[in-house]
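The next block holds one structure in the form of structure tokens; read it before the comments.
Labels below follow one simple rule: chain letters A, B, ... track the order of the sequence lines, proteins then strands, and each chain is numbered from 1. Just so it is clear, the model here is predicted, and its values are computed rather than measured.
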Amino acid sequence: MIESILFVFENMPLLLKGALVAVELTVLSILLGMVVGLLVAILRLYGPKYVKKLMKIYEWVLRGLPILVILFIIYFGFPSLGVNIPAFISAVLGLGLRSSAYQAQIYRGAIQSIGVEQVEAGLSIGMNRAKTMLYVIVPQAIRLSLPGFTNEFTIVLKDSPLAYALGIAELLKQGRNIIVTSFRPFTIYLTCAIIYFLLFHFFYYLFRKIAEVYEVPGYIMSKKS
Amino acid sequence: MIRLKNISKKYNNTYAVKNLNFDICNGCITMIIGPSGCGKTTTLRMINRLVEPSNGEIFINNKNILDYNPVALRRNIGYVIQEIGLFPHYNVEENITVVPKLLKWGKDKIKKRVDELLDLVSLNPEYKQKYPHQLSGGEKQRVGLARALASDPEILLMDEPFGAIDPINRTKLHESFMEIQKKIKKTIVFVTHDINEAIKLGDNLVILKKGMLVQNGKLKTVLNNPKNNFVKSLLGEDRNLKGLVLKKSYDFANKKYLKIIKNKNEIDKTFLKKDKRNLIILKDKKRIKGYFKYQNKNNEEKIKYYSNIVKAGKYSNLREILSKMMEFGEDVAFICSKDIFLGVIRLADILKEMGSNL
């Protein structure tokens, strides 16, 4: 038992290095997904008719494909078209774009649930459309989308080991490397599981705290009920 | 003055509003009333260009509203809607100061204005830090009114602002609203479907039906001369009774046929016998304790003392007083303004007033 603990500690630097890569992958993918997702959400709500349709198809297709297939197309498929993308960037693109489809839905739902009355209230007191979006709709939409966003973040975190398939040295891959030389799969995989869980736990509570800090007294509660 | 000239609004070949022509005078409350779907909200929204008319022109102070920049136009027109209009993520102070901030007022000026407005709508300064979801319906409406008045616009548009509020609080809000209007004297266009509200608050009525103007004019004129059966039925069979709302007690309280005494021993029976209308009032310093009245039942003469009296304020209307009299089974009401006794109003006076409406 003690021996196992010492063994884990010995290999901890490598595992933590892998964990850091996993976090980098997750954060970058989520950021990409956020930028693209917001754009898709806004275009789907306010864009011209054909753009709306196009965005709907974008969401629909990305939600309908297995993530591993998306990653393989980007990393292994694109080079035959003459587009070579490094493994890490391919992983961020794959995870990020897939996430953008889900995040677009989260933001669109949040904006829609605010309702036209708020837009009208903004316009009626003499804000232009841009200011109404910026001061009235967006601040409320961010608050409303936080629970969904938190969930999406943890999903991307837990999908990050798929980057293993592209040969990226994230946590699972590092674990696998250790197992190859030590033949102790149970100990190492269990340790990986614990690290993933702790990361999940950390981010989940981080976002919950943020939600609490920015909670409007009485507002989110009444939306929940 | 706001002038609507041949205003029409078409949605997919059906007219929401058709060929409206009427004027809205400065400094008065104009009530737009009619059944649902009559185009009253559409009409209101065309004034601040939330809806653009398909035909016709609207003038504010003789200038076509199309010649104003819509954003600038709306900053000079306050708009109050049914509760949903407040921004839930802003506290009361932030909600009220949105417009002054857009207009880039100085901090001190904004702060002063918030205090003035909260005082005007009778909200305690503690409310500044509260959020809309922590307020009652009536409080939200007061904040909504304060926000609409923030930059001191000339015109105020109100779309059923008290519609979602319970009757008790609605009455309170009506009273504060009338007091506020006495101070600010804005040009108010008020949409309602409640005829009682329209009669209570309005100076002028604009009656719409299926997007068309049926009748407009001073409230009293419309009440006394309903143009057709539609207006008659809208006003109700009890329109004479409703007309009493316009009559304030201070115009009718009188001290004819009265004697005031301080002590029961001072009672003058011959004064009561002389005229059936005569009353002797027992008044102890400031408070009216009761009154004496001559009664002749089955040839049995009696001076009866009543201590269960109906009291009403200076600004009560005759309809309220009538309903109080009915409630207490009395035929005389005592009108006091704080501690000053202004006189009495008798059931007979009220009935006479109703008759004069006919």
Is it the case that over 12 heavy atoms from other parts of the model lie below 6.0 angstrom from the [atom1] atom of [X]?
X	atom1	result
B/His193	NE2	no
A/Lys52	NZ	yes
A/Tyr196	OH	yes
A/Arg63	CZ	yes
B/Lys5	NZ	no
B/Phe22	CZ	yes
A/Glu212	CD	yes
B/Ile168	CD1	no

Might you point out which heavy atoms bring [X] and [Y] nearest each other, and give the distance in Å?
X	Y	value
B/His89	A/Pro139	CD2-CB, 3.5 Å
A/Gln140	B/Pro88	OE1-CG, 3.2 Å
B/Arg147	A/Ala121	NH2-CB, 4.1 Å

As an exercise, state the distance from [atom1] of [X] to [atom2] of [Y], rounded to the nearest 0.5 Å.
X	Y	atom1	atom2	value
B/Ile81	A/Ser124	CD1	OG	5.5 Å
A/Ile125	B/Arg75	CD1	CZ	9.0 Å
B/Phe87	A/Thr132	CZ	OG1	7.0 Å
B/Arg49	A/Leu123	CZ	CG	12.0 Å

Non-hydrogen atoms of chain A under 4.5 Å away: do they reach the side chain of B/Ile77, the backbone, both or neither?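 Contact with chain A: backbone only.
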
Please state whether the side chain, the backbone, both or neither of B/Arg45 comes within less than 4.5 Å of a heavy atom of chain A.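 Only the side chain of B/Arg45 comes within 4.5 Å of chain A.
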
I need the contact set between residues 90-119 of chain B and chain A: heavy-atom distance under 4.5 Å, sorted by residue number.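 The list, in residue order, reads B/Tyr90, B/Val98, B/Val99, B/Leu102.
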
Before you tell me yes or no, could you show the steps for A/Val216 and B/His133 under side chain to side chain contact (heavy atoms under 4.5 Å, CB included), namely the whole-Å CA-CA distance, both residues' side-chain angles and the distance that decides it to 0.1 Å? CA-CA 9 Å; A/Val216 172; B/His133 282 271; over 6 Å; no

